[in-house]
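Working notes, structure below.
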2 protein chains.
Amino acid sequence: MSKSLELTPVETVACCSPLTREPLTSDAAERIAPLVKAIADPVRLRLLSLVASHADGEACVCDLNDAFELSQPTISHHLKVLHESGLLDREKRGVWVYYRVRAGALADLATLLGGVSA
Amino acid sequence: MSKSLELTPVETVACCSPLTREPLTSDAAERIAPLVKAIADPVRLRLLSLVASHADGEACVCDLNDAFELSQPTISHHLKVLHESGLLDREKRGVWVYYRVRAGALADLATLLGGVSA
DNA sequence: CCGAGACATCGACATCTGTCAATATCGACA
DNA sequence: TGTCGATATTGACAGATGTCGATGTCTCGG
């Protein structure tokens with residue numbers, strides 16, 4: 001299916017100017033909030049951090065499951081949230097699934113907050 | 001009561017290294033998440049943005065109320081969340097209450113995400 | 001001292017969210 | 001083909017969250 005017509009939340013945010021520059025429109029806020037919600041959970045923060053700091057920048061779900069005392073479906077659920085928000089890329093290789101942090105996603109979010117535009 | 005022994009969420013986060021440097025400890029994630037939750041709401045994002053971009057860097061609650069089609073208690077609730085997380089400072093002057101963005105708070109958060117440490 | 005206005009708190013409610021157990025799906029391999 | 005192991009999906013449930021109306025607490029003017 002065509003993916004070019006659907007933007008992930010993180011993509012719809014990359015264009016926004018920093019929070020402190022001008023009042024956010026109601027519309028912009030509604031688009032940004034889901035993205036922030038995606039990282040507003042301790043488990044997802046750790047998942048993001050684990051994947052980002054992992055060797056080769058990617059991590060297998062099997063490794064991630066072991067890092068938590070949570071059920072496998074729960075981890076799967078959190079990974080889905082991160083993936084659908086555009087923060088994690090997903091690739092299936094054989095039986096395993098690997099996630100990696102989408103390049104620039106966190107940086108865009110940081111810029112939005114800090115206003116430290118490049 | 002003494003406030004010197006209690007750190008706001010934002011203060012407990014300022015010390016952390018960026019997400020992508022090393023895996024977040026479970027403990028660190030539990031401290032960071034509430035702060036991110038505080039901005040994971042469209043109304044609070046707009047409030048933050050409104051205050052930050054307001055003249056003199058501060059805004060009266062009366063102005064903020066008018067910017068939303070929400071009840072006054074609801075706005076008050078959101079402001080409380082932002083204040084208790086350490087993102088907004090609160091000052092009462094006469095009958096009015098003024099909020100301003102706590103210096104560095106957003107920048108600390110941005111650093112945490114983006115890793116663009118100074 | 002009393003009334004009015006600005007803001008906070010309380011109590012109630014519907015909705016959202018994180019979690020699990022059970023089950024489905026998919027690919028490798030015998 | 002049939003089984004097994006790795007992930008995803010589903011359904012259910014408790015607890016968290018956003019919202020409101022009613023009410024409380026200040027502070028200022030008269």
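The sequence lines fix the lettering, A, B, ..., with proteins before strands; numbering per chain opens at 1.
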Q | Heavy-atom contact window of chain A on DNA chain D, given 5' to 3' at under 4.0 Å | A | D:dA6 to D:dT9
Q. For B:Ala107, does its backbone N or O pair with a side-chain atom of B:Thr111 as donor and acceptor, under 3.5 Å?
A. yes
(Q) Between B:Ser76 and B:Gln72 (side chain of the first, backbone of the second, donor and acceptor by atom type, cut-off under 3.5 Å), is there such a pair? (A) no
Considering only heavy atoms from C-beta outward, does the side chain of [X] approach that of [Y] to under 4.5 Å?
X: B:Arg31; Y: B:Asp27; value: yes
X: B:Thr74; Y: B:His78; value: yes
X: A:Arg44; Y: A:Ile39; value: no
X: B:Leu106; Y: B:Leu48; value: yes
X: A:Leu87; Y: A:Leu35; value: yes

**Q.** Between P of C:dT15 and CG of B:Asp41, the distance in whole Å
**A.** 17 Å
Q. Who is the Watson-Crick or G-U wobble partner of C:dA12, with both distances under 3.5 Å?
A. D:dT19
Q) Closest nucleotide of DNA chain C for A:Arg93 versus for A:Leu70: which of these residues is on the 5' side? A) A:Leu70
Q) How would nucleotides 6-11 of chain C be written as a contact map, 5' to 3', with B for base contact, S for sugar-phosphate-only contact and - for no contact, using protein heavy atoms under 4.0 Å? A) SBBB--
Which atom pairs, donor and acceptor, lie under 3.5 Å between side-chain atoms of residues 54-61 of chain B and protein residues at least two apart or in another chain?
from: B:His54; atom 1: ND1; to: B:Glu58; atom 2: O; distance (Å): 2.9
from: B:Glu58; atom 1: OE1; to: B:Arg100; atom 2: NH2; distance (Å): 2.9
from: B:Glu58; atom 1: OE2; to: B:Arg93; atom 2: NH2; distance (Å): 2.6

